[in-house]
Amino acid sequence: MNHKRIAVVGGGAAGLMAAIAAAEGGGQVTLLEPNDRLGKKLNITGKGRCNVTNNCSREELLQNIPRNGRFLYGAFARFDSRDAMAFFEKLGVPLKTERGNRVFPQSDCAFDVSGALRRRCERLGVKWVRDRAVSVDTDGGRVCGVTGQQGTYPAEAVILATGGVSYPGTGSTGDGYRMAAALGHGIVPPCGSLVPLVSGDDACRRMQGLALKNVELTALNGKNKVQFRDFGELLFTHFGVSGPLVLSASAHLRHWDREQYRLSIDLKPALDREKLEARILRDLGENPNRDFEKILAGLVPHSMVPVILERLEIPAGLKANSVTKAQRRALEEMLKGFTVSVTGPRPVAEAIVTSGGVKVNQVQPSTMESKLTPGLYFAGEILDVDAYTGGFNLQIAWSTGHLAGTSAAVAEGE
């Protein structure tokens, strides 16, 4: 036992993991968290089910982190998704793998995950103090403790795991950025990632509540260059679009100040153009005296019908046998590319994660220690890394938290 004093600032996913790893390494750990409950944001992830991680290889983990993924190579090498799964199973949280390799507790209850982490902290003697950190203290350029609103906490190592600025109601106030900046660290301005998108297209409002499943979404910039493409689900809302596909796409659309983006939705990805044309010709031929809108209702969800008719400039009462070749071709184009213009993301407070944060070139990837302030470590969302949906962001929290905690517990000179 080295009895090294370690202060962990933030009782979320990364902070809890860091506290556990540091205590397992023999450190005397004080956890500062002002909330009345540890893991508050963790409890609402995955709609309350907690998508713990993604059951995939390290390379696949890295492929799902569009921002500074290579920085995490060392952290994943030490503690990857398989390690995370074994960790939680050992803590008494049985897991299951669902579609897309997403891993959840078998109970579908996020509180089981946060509860297991809290109990592990208690067993290891981690001292939880309900205080809000104000500053990281240094002496001679090296960390010597933390000052909170209620008191001071001497420490030979400090781990900042304060999260970003998404979901401010859970305590993500951006305090960590301020404390890191006060010690000279550069901060990439935070913005929302995995966030719904706003559209000025009234069609979204008219179709609000409509969930499209098994569609292909392509996000393009003003030069028609593909920024993102994937297959899955999306949702129309009163303000624009949301759902898993849109949230993932938002991670690629970062230059709203100088770019114009639009979304193109392939409503029939299982049908190529030839098969789609044959399907439409068959439907029209079998029902020549039927209203075209009734034919259309067999191809797309009901609430899309008036929107498509309007875009095609086809009157509602047009009979199937009166549809021209040009109108049919226009329908085929629309079914393979229903477009929605987007003007920007929803507020960062509505984002699942924060993009931006402490510049990773000022952090040692092999330890998560600051290159500027010896004894200061970073873990989780405070770092300028973020990933797609599917458990990847929580895996970043587990991996960086584990590495920061383990590294911080190593006594000087070891």
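Since we're looking at a predicted model, the values are computed, not measured.
Residues Cys50 and Leu394 form a side-chain contact, since some pair of their non-hydrogen atoms from C-beta on lies under 4.5 Å apart. Cys56 places a side-chain heavy atom less than 4.5 Å from the side chain of Phe392. Between Phe378 and Val360, every side-chain heavy-atom pair lies at or beyond the 4.5 Å cut-off. Two residues are said to be in side-chain contact when any heavy atoms from C-beta on lie closer than 4.5 Å; Val134 and Gln149 meet this criterion. Side-chain contact between Val300 and Val305 is present, with heavy atoms from C-beta onward closer than 4.5 Å. Proximity of Thr97 to Leu95: side-chain heavy atoms (C-beta onward) are nowhere separated by under 4.5 Å. The side-chain heavy atoms of Lys359 and Val188, taken from C-beta on, include a pair separated by under 4.5 Å.
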Tell me, with the steps shown, if Thr162 and Asp175 meet side chain to side chain donor-acceptor pair (under 3.5 Å).
CA-CA 7 Å; Thr162 51; Asp175 283 356; over 6 Å; no
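Counting all heavy atoms, side chain and backbone alike, Leu253 lies closest to Ala219 at CD2-CB, 4.0 Å. Nearest approach of Lys371 to Asn361, heavy atoms of both residues: NZ-O, 3.2 Å.
Ring geometry, Phe228 versus Tyr388: the interplanar angle exceeds 60°, so the pair is classed perpendicular (tilted spans 30 to 60°).
Between the side chains of Ser264 and Thr218, not a single donor N or O lies within less than 3.5 Å of an accepting N or O.
Contact check on Asp108 versus Lys96 returns a salt bridge, with a Lys/Arg side-chain nitrogen under 4.0 Å from an Asp/Glu carboxylate oxygen.
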